[in-house]
Amino acid sequence: MAYGTNALKGRYQVKNPEKYKGDVNTVFYRSSWELKFFNYCDVNSNIIYWSSEEIVLKYISPIDGKYHRYFLDGHVEARMPDGSLQKYMVEIKPKKFTMEPVPQKTKTKAYINECIQWAVNQAKWAVAAEVCADNGWKFLILTENELKV
């Protein structure tokens with residue numbers, strides 16, 4: 001399983017520390033998908049630098065109306081095919097978590113939890129997209145489709 005309680009977790013050993021922005025001794029992956037993304041960033045020559053959970057954004061939760069902290073899964077600066085540089089904030093999520101839950105006649109606990117997660121994700125992603133827009137960056141949500149897992 002790539003995501004959830006049985007997800008692959010561990011400390012990532014950075015291969016190219018000069019490319020990592022942050023403390024190379026505190027890089028942790030929380031899924032096999034993050035591990036794949038970290039490996040890609042670490043060894044790809046078009047990635048100028050990368051980090052994981054080094055950018056923290058404040059957002060207001062629609063659930064309790066309070067400020068919370070959102071730790072971005074990744075931050076990357078990449079060389080584009082035309083030679084230009086582009087910065088990205090990256091979130092890694094299963095595709096099913098990137099889509100609004102389908103309304104159900106019976107409001108099960110699982111459905112309610114999906115709705116809560118969807119609302120929280122929307123709040124987080126809105127803040128990330130706003131910060132990116134203000135700085136000329138791009139916000140990416142990578143799923144199993146993009147990661148080819």
Side-chain angles (χ1 to χ4, degrees), residues 1-102 110 113-149:
M1 177 175 209
Y3 201 88
T5 57
N6 295 327
L8 183 65
K9 298 175 185 176
R11 184 176 167 275
Y12 181 76
Q13 184 66 44
V14 177
K15 298 170 192 71
N16 295 293
E18 68 283 358
K19 287 177 63 172
Y20 189 79
K21 255 195 178 174
D23 185 350
V24 295
N25 298 308
T26 60
V27 183
F28 293 92
Y29 56 90
R30 301 178 200 297
S31 71
S32 60
W33 300 356
E34 285 187 6
L35 177 59
K36 184 172 185 172
F37 176 71
F38 293 177
N39 277 317
Y40 173 84
C41 291
D42 207 4
V43 301
N44 187 306
S45 61
N46 288 319
I47 302 297
I48 307 305
Y49 70 79
W50 68 282
S51 68
S52 171
E53 297 186 352
E54 298 287 346
I55 293 182
V56 183
L57 303 177
K58 281 182 152 180
Y59 72 98
I60 297 175
S61 171
I63 306 308
D64 62 12
K66 296 180 182 178
Y67 278 100
H68 293 266
R69 297 186 316 160
Y70 172 28
F71 293 81
L72 268 295
D73 290 333
H75 177 232
V76 175
E77 182 172 44
R79 185 176 329 282
M80 305 310 291
D82 67 0
S84 66
L85 299 179
Q86 179 64 57
K87 292 182 182 179
Y88 297 91
M89 284 187 184
V90 179
E91 178 67 17
I92 299 171
K93 281 278 187 256
K95 185 149 183 86
K96 72 177 185 174
F97 290 171
T98 66
M99 299 179 288
E100 187 171 4
V102 177
N113 286 338
E114 286 177 21
C115 290
I116 289 170
Q117 191 61 57
W118 171 252
V120 169
N121 284 342
Q122 290 298 294
K124 289 177 177 180
W125 299 341
V127 167
E130 183 179 335
V131 170
C132 286
D134 290 347
N135 290 287
W137 302 354
K138 293 186 179 178
F139 179 56
L140 295 177
I141 301 172
L142 302 179
T143 69
E144 59 271 25
N145 294 353
E146 291 79 20
L147 294 168
K148 299 188 180 4
V149 293

If I take atom [atom1] from residue [X] and atom [atom2] from residue [Y], how far apart are they, to the nearest 0.5 angstrom?
| X | Y | atom1 | atom2 | answer |
| --- | --- | --- | --- | --- |
| Asp73 | Ile55 | CG | CD1 | 11.5 Å |
| Asn46 | Leu85 | CG | CG | 10.0 Å |
| Met89 | Leu57 | CE | CG | 5.0 Å |
| Gln122 | Tyr59 | CD | OH | 12.5 Å |
| Thr98 | Glu144 | OG1 | CD | 8.0 Å |
| Ser52 | Ile92 | OG | CD1 | 7.5 Å |

Is the side chain of [X] donor-acceptor paired with the backbone N or O of [Y] at a distance under 3.5 Å, no angle test?
| X | Y | answer |
| --- | --- | --- |
| Lys19 | Ile47 | yes |
| Gln86 | Val76 | no |
| Gln117 | Glu114 | no |
| Glu100 | Trp118 | no |
| Asn16 | Glu18 | no |

Next on the checklist: Once you measure the plane-to-plane angle for Tyr12 and Trp50, does it fall in the parallel (<30°), tilted (30-60°) or perpendicular (>60°) bin?
Outcome noted: perpendicular
Item to check | Pairs where residues 36-56 contributes a residue and the test salt bridge (charged side-chain N to carboxylate O under 4.0 Å, His left out) is met, not counting sequence neighbours | outcome: Arg30-Glu53
Next on the checklist: What I want to check is whether the side chains of Ser31 and Glu34 have a donor and an acceptor closer together than 3.5 Å.
Outcome noted: no
Does any part of the side chain of [Y], heavy atoms only, come nearer than 4.5 Å to the side chain of [X], both counted from C-beta?
| X | Y | answer |
| --- | --- | --- |
| Ile141 | Trp125 | yes |
| Asn39 | Val43 | no |
| Glu91 | Phe97 | no |

Item to check | ring-ring contact (aromatic ring centres under 6.0 Å, His included) against Phe71, all qualifying residues, sequence neighbours excluded | outcome: none
Checklist outcome for this item: When Tyr20, Phe37, Tyr88, Trp137 are each screened for ring-ring contact (aromatic ring centres under 6.0 Å, His included) with His75, the one that passes is Trp137
Checklist outcome for this item: Note: Val90 and Leu72 closest approach over all heavy atoms is O-CD1, 3.8 Å
Checklist entry - What's the shortest heavy-atom distance between Arg11 and Val24, and which atoms? => result NH2-O, 3.9 Å
Next on the checklist: For Lys96, is the NZ atom crowded, meaning more than 12 foreign heavy atoms sit under 6.0 Å from it?
Outcome noted: no
Next on the checklist: side-chain contact (heavy atoms from CB on, under 4.5 Å) for Tyr49 and Lys87? Distances and angles first, verdict last.
Outcome noted: CA-CA 9 Å; Tyr49 70 79; Lys87 292 182 182 179; 3.2 Å; yes
